[in-house]
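Note on naming: letters A, B, ... go to the chains in the order of the sequence lines (proteins, then strands), and numbering restarts at 1 for each one.
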Amino acid sequence: KNEVEQSPQNLTAQEGEFITINCSYSVGISALHWLQQHPGGGIVSLFMLSSGKKKHGRLIATINIQEKHSSLHITASHPRDSAVYICAVRSGSGGGADGLTFGKGTHLIIQP
Amino acid sequence: DAMVIQNPRYQVTQFGKPVTLSCSQTLNHNVMYWYQQKSSQAPKLLFHYYDKDFNNEADTPDNFQSRRPNTSFCFLDIRSPGLGDAAMYLCATSRHRVSGTRGNTEAFFGQGTRLTVV
């Protein structure tokens with residue numbers, strides 16, 4: 001079973017700061033997801049990665065398959081970025097439909 | 001436009017009274033998942049449907065059942081809810097092709113149903 005660890009668990013920063021959230025996992029994966037969950041529960045998928053790097057607006061996600069590690073970066077952070085950011089992995093080969101294994105999330109607060 | 005819709009958003013049920021949560025999708029994805037998320041915990045997979053094939057997680061209690069009458073709809077049935085079943089229930093979908101091809105897609109989540117048991 002894959003173990004997914006995120007750090008930090010809680011992060012408070014000032015508006016404009018560069019934010020990094022880390023994720024490591026224990027077993028080889030077919031894909032890694034970064035998700036955002038706001039109060040009230042709904043989850044939004046930010047990125048799905050199997051290699052390299054992806055960028056969307058102020059968000060950047062990277063993955064190092066050999067090191068079993070991924071990072072989510074937020075540039076020019078804003079109070080509206082405040083949310084729980086969750087790393088989740090899909091284990092096994094690329095064609096599988098196995099469910100995701102989630103990290104416990106990083107609770108991010110951006111203060112004005 | 002919402003692509004994965006869960007109803008209701010909030011559900012209150014009595015201890016032991018059967019309850020059904022609903023999920024529908026407009027994405028025509030072939031896989032639908034149900035996750036349980038208790039307060040301050042990570043979501044946990046209960047089961048998923050790959051097309052019509054039901055796949056139960058080994059540690060999902062028998063109290064939890066699911067139905068998928070067609071591609072668009074999937075239901076979570078809790079036969080006799082206990083106080084410990086109070087949680088957020090999340091539905092998600094994705095599209096997978098046959099093994100050996102690059103079939104994974106992103107997971108699309110609904111807004112969740114928050115279940116309270118009284």
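Cation-pi geometry between B:R67 and B:F75 is met: under 6.0 angstrom from the ring centre, within 45 degrees of the axis.
Ranked by heavy-atom pairs under 4.5 Å with chain B, the first of A:I86, A:V44, A:L100 is A:L100.
Legend: residues meeting side chain to side chain contact (heavy atoms under 4.5 Å, CB included) with A:T20, ordered by chain and number and at least two apart, are A:F18, A:N22, A:S71, A:H73.
A:Y85 has its side chain within reach of A:I74: a pair of non-hydrogen atoms, C-beta onward, lies under 4.5 Å apart.
At a 4.5 Å heavy-atom cutoff, the contact between A:L35 and chain B is made by side-chain atoms alone. Neither the backbone nor the side chain of B:E57 comes within contact range of chain A, judged by heavy atoms closer than 4.5 Å.
Classified by interplanar angle (parallel below 30°, tilted 30° to 60°, perpendicular above 60°), the ring pair B:F109/B:Y35 is tilted.
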